[in-house]
Amino acid sequence: MRYLTRLKAFKPLALNIAPREALRATCGALFAICLVMLLSRLLFGQPTTSALMAALGASSVLAFLTPSTPLAHPWSLLSGNLLAAALAITASLWIDDSLLRLGATLSACMLCLLALRCLHPPSCALAVAIALNESLTLQWGYGLLAPVALNTLTLLAVALLYNNLTGQRYPRQPLPAPRNRHHTTDLPSWQRTQLQEQDLQHALNTFGRYVDVRIEDLTELLQLTEQQAFTRMSNHLTAGQIMSRDVVTASPKTSIEFAWAMLAKHRLEALPIVDADHTLVGIVTLVDFLNQKSFARMPRHRWNLSRGSRQRPLEHIMTAPVVSAREDTSILDLVLQLSHNSLHHLPVVDEQQHVIGIISQTDIINALYRLLVQRCHVGSVAA
């Protein structure tokens, strides 16, 4: 039974590559390798082309099928091939024994590529091909770097153009640094409790084995996994289940004085602005009132409306367009919308953009609390 379990480790692994993506990569690799071989054969002859093309074929697989991995990065592709070729040529010129030459070339390639962060497995194959072909080295010497460079640059140019035109960013750009709207050094609130890159870096160091994936991509993948797990565990709790339905609204022509009185009467902090058809066109919050110059010049305990601003309509201070949600929006999306946009209130609209409810941060907190209590109750019953 123990041996059977070990044999299961040899079964094929799922690659999780969509058929459309596989077809896209195949077409790109076909075009690239044909173009590289055509140019190489015209400029350097058939024998040289045949000796170098196998490794370039392997490079095209990585550049088109797995372009987001570190092994397929342009720096790895170009620097790896040139460095490997230079090491193989040097070994061929100085070491006569083929066995020793092959071992020295391969080990030197691995160490140097790792040290310069340009590990590219096909580069090692290219070095082996050059080290075993003595006639090629005698004919070209270090001039062999010219066909290697041209072939690699041609492949890289096609990969850059084709991948980006077909919707696959290459190379993958680093994610922009999160902006803090409060202009402090703290991370945005929605990122403080998320999986951080330093956590993943520490886990990879503890793991102790090489993982062929960018840390940024792995972080994003795990964050998406967390979100999917939360959606599944929340039983698809939606905005319609937690929103306030008796919404107090105002029109764009409502005076600031009257709107201020409405907020005070109903103890509200936000007022959706709708037109004659009850379509959402804006929103006014306490912040919009406090941003008025008449407030900014007063001590906090004497905040009041100046005479000049009392009769101004809300359309002069309202926020538009408005970030809104639909009745079937999941609680996860609600949390993300509020957090990413630094909002405190979120109007809920129907298909015609009519206001049917509003959600506050307090509603979200209460819903999450109920969800936590339910999970704890289910866990205690199961135990």
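All residue numbers in this chain count up from 1 along the given sequence.
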For the pair L52 and F44, evaluate side-chain contact (heavy atoms from CB on, under 4.5 Å) and give the outcome as yes or no after the intermediate values. CA-CA 11 Å; L52 302 178; F44 307 112; over 6 Å; no
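- In the hydrophobic clustering of this structure, I283 does not group with L286; members are Ile, Leu, Val, Met, Phe, Trp, Tyr whose side-chain heavy atoms approach within less than 4.5 Å, directly or through other members.
- Between the CG atom of L343 and the CD atom of Q337 there is a distance of 8.5 Å, given to the nearest 0.5 Å.
- Taking the side chain as every heavy atom from C-beta outward, M37 and T49 approach each other to under 4.5 Å.
- Sequence neighbours left out, the pairs with a member in residues 101-125 that pass side chain to side chain donor-acceptor pair (under 3.5 Å) are S59-H120, N81-S123, R101-E134.
- Side-chain polar atoms of S135 and N133 form a donor-acceptor pair below 3.5 angstrom.
- Y170 places no side-chain N or O within 3.5 Å of a backbone atom of F64 that could act as its donor or acceptor partner.
- The shortest side-chain heavy-atom distance between I256 and L314 falls under the 4.5 Å cut-off.
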Audit row: D363, S360, side chain to side chain donor-acceptor pair (under 3.5 Å) steps and yes/no: CA-CA 5 Å; D363 298 324; S360 67; 3.2 Å; yes
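- At a threshold of 4.5 Å between non-hydrogen side-chain atoms, the residues M53 and V36 count as touching.
- Proximity of T319 to T285: side-chain heavy atoms (C-beta onward) are nowhere separated by under 4.5 Å.
- In this structure, V128 is not a member of the same hydrophobic cluster as L93, with clusters built from ILVMFWY side-chain heavy atoms closer than 4.5 Å.
- If you chain together hydrophobic residues whose side chains sit under 4.5 Å apart, L161 and L56 never meet in one group.
- For residues 267-286, no residue pair satisfies the salt bridge (Lys or Arg N to Asp or Glu O under 4.0 Å) rule, not counting sequence neighbours.
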side-chain contact (heavy atoms from CB on, under 4.5 Å) between L334 and I242, worked out: CA-CA 11 Å; L334 294 174; I242 63 176; 3.9 Å; yes
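- To the nearest 0.5 Å, atom CD of residue E21 and atom OG1 of residue T26 are 9.0 Å apart.
- In this structure, T329 OG1 and L336 CG are separated by 11.5 Å, a value rounded to the nearest 0.5 Å.
- In this structure the side chain of H354 reaches within 4.5 angstrom of the side chain of T279, judged on heavy atoms.
- At distances below 3.5 Å, not a single donor-acceptor pair connects side-chain atoms of T152 with backbone N or O atoms of A149.
- Nearest heavy atoms, V349 versus S324: CG2-OG, 3.8 Å.
- Linking Ile, Leu, Val, Met, Phe, Trp and Tyr whenever their side-chain heavy atoms come within less than 4.5 Å leaves L268 and V322 in two separate clusters.
- Listed for the S40 side chain is no donor-acceptor partner under 3.5 Å among the backbone atoms of P147.
- Note that CG of L153 is 7.5 Å distant from CG of L82, once rounded to the nearest 0.5 Å.
- Scanning both residues, A127 and A88, for their nearest heavy atoms gives O-CB, 3.3 Å.
- In this structure the side chain of H278 never reaches within 4.5 angstrom of the side chain of Q352, judged on heavy atoms.
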One pair to check against side-chain contact (heavy atoms from CB on, under 4.5 Å): R24 and Y162. What are the steps and the verdict? CA-CA 9 Å; R24 184 205 67 82; Y162 181 84; 3.6 Å; yes
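- Contact check for I273 versus P252: side-chain heavy atoms found under the 4.5 Å cut-off.
- Side chains of L119 and M110 form no contact here, defined as non-hydrogen atoms less than 4.5 Å apart.
- Transitive grouping of hydrophobic side chains (ILVMFWY, heavy atoms separated by less than 4.5 Å) keeps L144 and L83 in distinct clusters.
- Side-chain atoms of R169 do not come within 3.5 Å of backbone N or O of P67 as any donor-acceptor pair.
- Between the side chain of S79 and the backbone N or O of S76 there is no donor-acceptor pair closer than 3.5 Å.
- Between atom CD1 of residue I130 and atom OG of residue S92 there is a gap of 8.0 Å, rounded to the nearest 0.5 Å.
- To the nearest 0.5 angstrom, D97 atom CG is 5.5 Å from L99 atom CG.
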